[in-house]
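This one's a predicted model, so the numbers in the text were calculated from it and none came from an experiment.
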Amino acid sequence: MRITYRSRGVKDYWASRWADIPADSAMTNEGVYPLKYALQTVPSRDGAILEAGCGAGRILRYFHERGYDITGIDYIDVAVDKLREADATLKVETGDITRLQYPDGRFRYVLAYGLYHNLEHGLDAAVAETFRVLEPGGRVCASFRADNIQTRLTDGLADRRARRSGKAAGTAFHKMNLTRREFAALFERAGFVVESVSPVENMPILYKFAFFRARTHKVFDENRARAEGYRLSGLGQLLQNALMRCLPDQFCNIYVLIARRP
């Protein structure tokens, strides 16, 4: 386990990030994270879905527009407000993953991408709440920031940029980083049966450099990247594929877990 520190606390970071971009449209690329794994977890329209930490709404809107029974929660008010303004038919509300306001067994599926690693305190309580609101046999799909070479490199780049801009090294909690084994153990302690833990390249480290991005991504547009995935050029993808083939646990930036409540 490793903790990443930055100059701003995690809630301030997300409030600023969601304030800076419009609400997402539905995600379009079914072959990349997180939609690829959401579709593996949710095989049909039968059963209610909770997206915990829905953010700007790319997953929430994908399932909603296709007739699924999906509810989204986020603890950043501006994100929830933007989604309500974008589509008044969305079921979306402000919520806290450590204290969910739903009865036991309310959902068949919980999707939680980039959520749990934002918790400085109450991580086990959050996973226990996830277990509680799932019906027996229900499944969760979640991601967590990896503790590996890639995230250490990206944290180093962020610290370097901060120093160049004259800022001191960060001391506020930003994200938790776990190994594959630690991530699985977190859900096993809560009573889940872990089906898989996959190393995933949500944002490849090469994407940090415009030279390696796809032509349409040279000028960064966060909503485009969130809809299409963080796309690399042919050369960039070739290099990233080699890294993931040789050292997947070191050059992923997240782990994606699928687990079942017995």
Side-chain angles (χ1 to χ4, degrees), residues 2-6 10 13-14 17-18 20-21 24-25 27-41 53 55-56 58-59 62 111-118 141-162 164 170 174-183 196-258:
R2 181 175 63 87
I3 297 174
T4 296
Y5 296 96
R6 297 279 169 85
V10 67
Y13 167 83
W14 284 113
R17 183 169 174 185
W18 297 142
D20 287 346
I21 65 171
D24 286 331
S25 299
M27 194 171 179
T28 57
N29 190 343
E30 296 181 351
V32 299
Y33 167 90
L35 186 52
K36 172 182 176 180
Y37 298 93
L39 292 171
Q40 290 177 11
T41 306
R58 57 181 171 167
I59 296 297
Y62 176 92
L111 307 176
Y113 302 115
L115 171 66
Y116 300 107
H117 59 214
N118 292 292
C141 183
S143 66
F144 207 103
R145 199 170 193 254
D147 181 6
N148 62 6
I149 289 173
Q150 167 145 325
T151 57
R152 290 172 187 268
L153 286 173
T154 54
D155 286 344
L157 287 171
D159 290 343
R160 185 179 179 183
R161 285 195 300 268
R164 282 183 171 178
H174 180 65
K175 284 185 174 66
M176 190 80 71
N177 308 267
L178 297 181
T179 65
R180 183 199 292 249
R181 182 61 241 160
E182 288 169 335
F183 189 24
S196 64
V197 182
S198 305
V200 173
E201 46 180 316
N202 172 32
M203 181 190 283
I205 191 168
L206 295 176
Y207 193 88
K208 300 284 186 181
F209 306 94
F211 175 79
F212 290 111
R213 293 180 196 162
R215 180 178 54 81
T216 56
H217 285 240
K218 294 294 186 185
V219 176
F220 182 62
D221 179 321
E222 183 160 6
N223 286 101
R224 177 192 287 272
R226 288 173 56 77
E228 299 178 0
Y230 296 87
R231 297 177 62 184
L232 297 170
S233 66
L235 174 61
Q237 194 60 61
L238 186 68
L239 293 172
Q240 182 66 25
N241 288 347
L243 291 172
M244 288 296 290
R245 185 167 55 250
C246 297
L247 294 166
D249 284 301
Q250 293 303 323
F251 285 97
C252 64
N253 68 320
I254 55 172
Y255 287 113
V256 176
L257 170 146
I258 298 175

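Listed by chain and number, the residues in a side-chain hydrogen bond (donor to acceptor under 3.5 Å, both in side chains) with Thr41 amount to none (sequence neighbours excluded). Tyr13 meets the side-chain hydrogen bond (donor to acceptor under 3.5 Å, both in side chains) test with Arg17; sequence neighbours excluded. Listed by chain and number, the residues in a ring-ring contact (aromatic ring centres under 6.0 Å, His included) with Tyr116 are Phe187 (sequence neighbours excluded). Under the ring-ring contact (aromatic ring centres under 6.0 Å, His included) criterion, Phe144 pairs with His117, Phe183, sequence neighbours left out. With sequence neighbours excluded, the residues that form a side-chain contact (heavy atoms from CB on, under 4.5 Å) with Asn223 are Ile21, Pro22, Asp24, Asp221. Applying the side-chain hydrogen bond (donor to acceptor under 3.5 Å, both in side chains) criterion to Trp14, with sequence neighbours excluded, gives Asn118. In this structure, the side-chain contact (heavy atoms from CB on, under 4.5 Å) partners of Thr179, at least two apart in sequence or on a different chain, are Asp147, Arg181, Glu182. Phe212 pairs by the ring-ring contact (aromatic ring centres under 6.0 Å, His included) definition with nothing, not counting sequence neighbours.
Here the CD1 atom belonging to Ile149 is positioned 13.5 Å from the CG atom belonging to Asn253, to the nearest 0.5 angstrom. Of the inter-residue distances, the one linking Leu157 atom CG with Arg152 atom CZ reads 14.5 Å to the nearest 0.5 angstrom. Rounded to the nearest 0.5 angstrom, Ile59 CD1 and Arg226 CZ are separated by 8.5 Å. The CG atom of Leu178 lies 11.0 Å from the CG atom of Leu257; values are rounded to the nearest 0.5 Å. Residue Tyr62 holds its OH atom at 12.0 Å from CG of Leu111, rounded to the nearest 0.5 Å.
Shown here for Met27 and Ala227, the closest heavy-atom pair between the two residues is CG-O, 3.3 Å. The two atoms that bring Tyr255 and Ala146 nearest to each other are CE1-CB, 3.6 Å, heavy atoms only.
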(message) Would Arg2 and Thr151 count as a side-chain contact (heavy atoms from CB on, under 4.5 Å) here? Give the steps.
(response) CA-CA 10 Å; Arg2 181 175 63 87; Thr151 57; 3.0 Å; yes
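Other residues, nucleotides and ligands place more than 12 heavy atoms under 6.0 Å from the CZ atom of Phe220.
Panel note: side chain Arg145, backbone Asn177; no donor-acceptor pair is recorded below 3.5 Å. Under a 3.5 Å cut-off, the side chain of Lys175 and the backbone N or O of Ile3 do not form any donor-acceptor pair. Side-chain atoms of Ser143 never come within 3.5 Å of backbone atoms of Val256 as a donor-acceptor pair (strictly under, hydrogens ignored).
At a threshold of 4.5 Å between non-hydrogen side-chain atoms, the residues Met244 and Cys252 count as touching. Between Leu35 and Leu39 there is a side-chain heavy-atom pair separated by less than 4.5 Å.
Legend: salt bridge (charged side-chain N to carboxylate O under 4.0 Å, His left out) pairs involving residues 227-255, not counting sequence neighbours, sorted by first then second residue: Arg180-Asp249, Arg224-Glu228, Glu228-Arg231. Listed by first and then second residue, the salt bridge (charged side-chain N to carboxylate O under 4.0 Å, His left out) pairs involving residues 234-243 amount to none (not counting sequence neighbours). Counting only residues at least two apart or in different chains, salt bridge (charged side-chain N to carboxylate O under 4.0 Å, His left out) contacts with residues 27-40 are absent.
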Please set out all donor-acceptor pairs under 3.5 angstrom arising from side-chain atoms of residues 196-209, sequence neighbours excluded.
from, atom 1, to, atom 2, distance (Å)
Glu201, OE1, Gln240, NE2, 3.3
Tyr207, OH, His217, ND1, 2.8

